[in-house]
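In what follows, chains carry the letters A, B, and so on, assigned in the order in which the sequence lines appear, proteins first and then strands, with residues in each chain numbered from 1.
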Amino acid sequence: MSNRRTSLAVILPYWSDPRFVFGTFAIFFIWFSLVTMSFGRTLGDFLICFFAMVSLELIFNYILRREIVFPLSGMISSVGAFLLVDTQSIWIVLLVAFLTIGSKFFIQLRGRHIFNPNNFAIVVVALAFPELVSPTGGMRWGGQLWLAVLIFTFGLILVYRARRWLVSFSYISVFFSLALLFKTMSINNSIYTLLSPGSQLFIFFMISDPRTSPNSQKLQILFGVSIALLDHLFRLNQFRLAGLFSLFLVALLYSLADLSLKDKDLVKSWKVRSVPLGEA
Amino acid sequence: MKFFSFCLRSAFYLILAGVVSAPFWKGKLRSHTAKQASIILREVGTSAGVDFHHRNDLTELFRNQPQFAHLNNWLEAISASVAIVDLNKDGLYDIFFTSTEMGSASGLFINQGDGTFKERSKDYNLTYLLTAARPLFFDCDNDGELEVFVTAHMKNLVYKMDKDGKYQKYFTFPDNVKPQISVAANILDFNNDGNLDVVFGGMGHLNAPESMVSAENGSPLQLFEGNGTCDFKDASEKMGFKGNVFVHAIGVGDFWNRGGVQDLWIATDFNEDHILRHEGAAGYVDVSSLKRKGQSQNGMASEIFYENDSKYPSIYVSHIYEPGYFTDGNKVWRWDEQSGTYVNVARDWGVHHCGWGWAGMNVDLSNKGFADFVVVNGFVTGESKSNWWFKIQTTTNSLRPVVGNPRFWPKMDDLNLSGRQRDCVFSNDGANHYTDIAESLDFDHDRRDGRGLARIDFNNDGLPDLVVANQKQRASLYLNESPSGNWVGFELKATKSHWQALGAQMTLHLSDGSFMKRYHNPYNGYASQHDPRHVFGLGDRRPEKLVIKWPSGVETVVTDLKTGTYNKVTDHE
């Protein structure tokens, strides 16, 4: 609570905030999921997820920090949860929303949240309620090549703008190399996973989260490599949440290591401006 | 504000603790909700002489298809079917199982009337049917004798009974020369000419689906028009059938009460179910978009039934439920008149979770006046410790060039894929709240991989007994020993249209002002032909009158209804 304010203020993002880039792409993802029958999502599903996240972020910020923050993070998280969580239960959606937003405020080290909020909520809920929820399989996207190319392109732009391309590419390099080896040795077919739109979202939109991934280039590489290695380890043991849980663990380890590394002190991930209420 | 901050923090940690500890308290919660219902189903297969083992080793058939060798357990996992038929016309219903492996014997079990059966397939020349899957007994030449249409991996055939009472090959359906996994079939009279027609689909010609959710590289859906002599001509194009789909079942019904039409619900795998609306001579129109969005890309069964006091039929479609992978499960599509769409109510009813579901049946197991659900399940029982789910999803989550090429699919070996699951008996509390009581009934105690599920009343006591065709395993016969409420049964015979009266609609009005409806088509469901007689469980109510809309358009009203027996009804009355 180091940045607690005494007077009420509205916190607004700058237009250069890379989250706006994601927001632009998100419009496409939402449109695609709504018009694609196999996704099984309705506009109502999205609106529930969206308003739950946005409201929760506003409430949490106001109660805990006495700030009125433009809920851009909540919006982004709602898109993530909407796309990545397969469930038919509205309670699960609300639970994911609560844990997503709550984890940002209450699971922190040195005043920063440890986990990518979507990742945290999905992992916890998917482990606890496998009969009600599963991470969205890549198959829901329909397997069209053009779509994979588009997501890949979006991803490249985003990780470049967010200065996290090293995380994504170190993950891809190590995952691909090992997957090729395992394929050659007939151990598994995990190499095909890389082509999945679901995996690309994970690689470019989740593990590269500027808030929870390292700032320094060396650590970014280590971060991506670690996730890829753990991912393969879990896959060898047929753990269905291999990728998501790898990120969960590596993010936790990084946060602990950062207590001494102070990597997060180097650069602020993105800037916001505070406008006293009445001047916004 | 500090107080609210404290509350928010506490709520977060409490909820998180609840979620993290969920695996420990969920089971306890469930055990409190299970309750015993007055249903008794006893497995009597062996003691009743119904000792049948389905076989389906297709090595011989797929010998020239090396690209599929590693997927043999998958390909050999769909075909076990059953038909209930009174072949010797003694008023006792018999059971016919097909066996698919080349050289393996199908089984015809003739009801002896004393609770036992005797295997008599050789007497009827029905023992060795080439790669047989689904048998459908029907009268295609209007002579009162039943022919049998058999879908098969090699060729779909119609067998006709000769003067010695033996079935002989009569008609081979064209355009089905490549090996095909095929159990989806139904019998109807789509043009109301009094001659029965055949509709069937398949699961592709030995090709992998190009996508797990939107594949269009399966088999053509085919409609063949009968001419009354058991010769059929292809009417698919004329009636607007198009596209290639992976089909498990085709349900026939009058979905919007228009009369004289036979709409189709196509339970489709690797894509959305297709709904084809019959527009008379203009053919069939695809109205699949009337179904609300949901994850329904692995439809297996297509059971058409009416809820009590409902004008419109609902459609039960079994799906896959596998924790962590597919969580939506079975569907019950109910027509919502206000929105003009089909809405899935399976979750509200509690019948959505039953493993990898195949045949499902809406049946009143104790004649209490409202129907229960029985669902059989299990795909491939293999080695128990490992399963194929994780391996296969790495391929199926990928792009179409990978998904659609069997070379890229992982070896199945002897891995388990939703095998060893217990079938479900969903008991209805009368308000469409269902509880699975299979475990307390010890139903499917050795967890066989069920496929076809047929209703039979083999002792004519009005209680529905059940037959399950299990894939590559022993079949099950369940004698229903439940305490029975009042019941009234009907056996239909038409004279102004085809005598089997397919498409007839029955409405039974009861003493309390309520009504029950049935659509006559014993081939609906999955891989099963049911006892064609209809039993209405009444509970403690009395039947007032039965209104039948016959396929000819004639409407009859029967008021002299005898309970506790089967009433023979014709369109003369």
Is there a side-chain contact (heavy atoms from CB on, under 4.5 Å) between B:F12 and A:I107? Walk through the geometry before answering.
CA-CA 10 Å; B:F12 177 79; A:I107 302 187; 3.9 Å; yes
Which of parallel (below 30°), tilted (30 to 60°) and perpendicular (above 60°) describes A:F129 and B:W25?
perpendicular
Sorted by number, residues from residues 344-354 of chain B in contact with chain A (heavy atoms, under 4.5 Å)
B:R347, B:H353
To the nearest 0.5 Å, atom NZ of B:K293 lies from atom CE of A:M37 at 7.0 Å
Roughly how far, to the nearest 0.5 Å, is CG of B:D328 from CG of A:L132?
10.5 Å
Name, in order of residue number, those residues of residues 234-246 of chain A that have a heavy atom at a distance of less than 4.5 Å from a heavy atom in chain B; otherwise write 'none'.
A:R235, A:Q238, A:F239, A:R240
If I measure from the heavy atoms of chain B, does A:L95 come under 4.5 Å with its side chain, its backbone, both, or neither?
side chain
Under 4.5 Å to a heavy atom of chain B? For A:S199 that would be neither
OH of B:Y13: more than 12 outside heavy atoms within 6.0 angstrom?
yes
Which bit of A:V133 is near chain B, if near means a heavy-atom gap under 4.5 Å: side chain, backbone, both or neither?
backbone
Working to the nearest 0.5 Å, report the span between CH2 of A:W141 and OG of B:S214.
13.5 Å
Can you say whether A:N189 sits under 4.5 Å from chain B via the side chain, the backbone, both, or neither, judging by heavy atoms?
both
Measure the spacing between OG1 of A:T42 and CZ of B:R292 and express it to the nearest 0.5 Å.
9.0 Å
Report the distance from atom CZ of A:F98 to atom CG of B:L8, rounding to the nearest 0.5 Å.
6.0 Å
Do you know the tightest heavy-atom contact between A:L195 and B:S398?
CB-OG, 3.4 Å
Nearest 0.5 Å, what's the NZ-CZ distance between A:K183 and B:F408?
7.5 Å
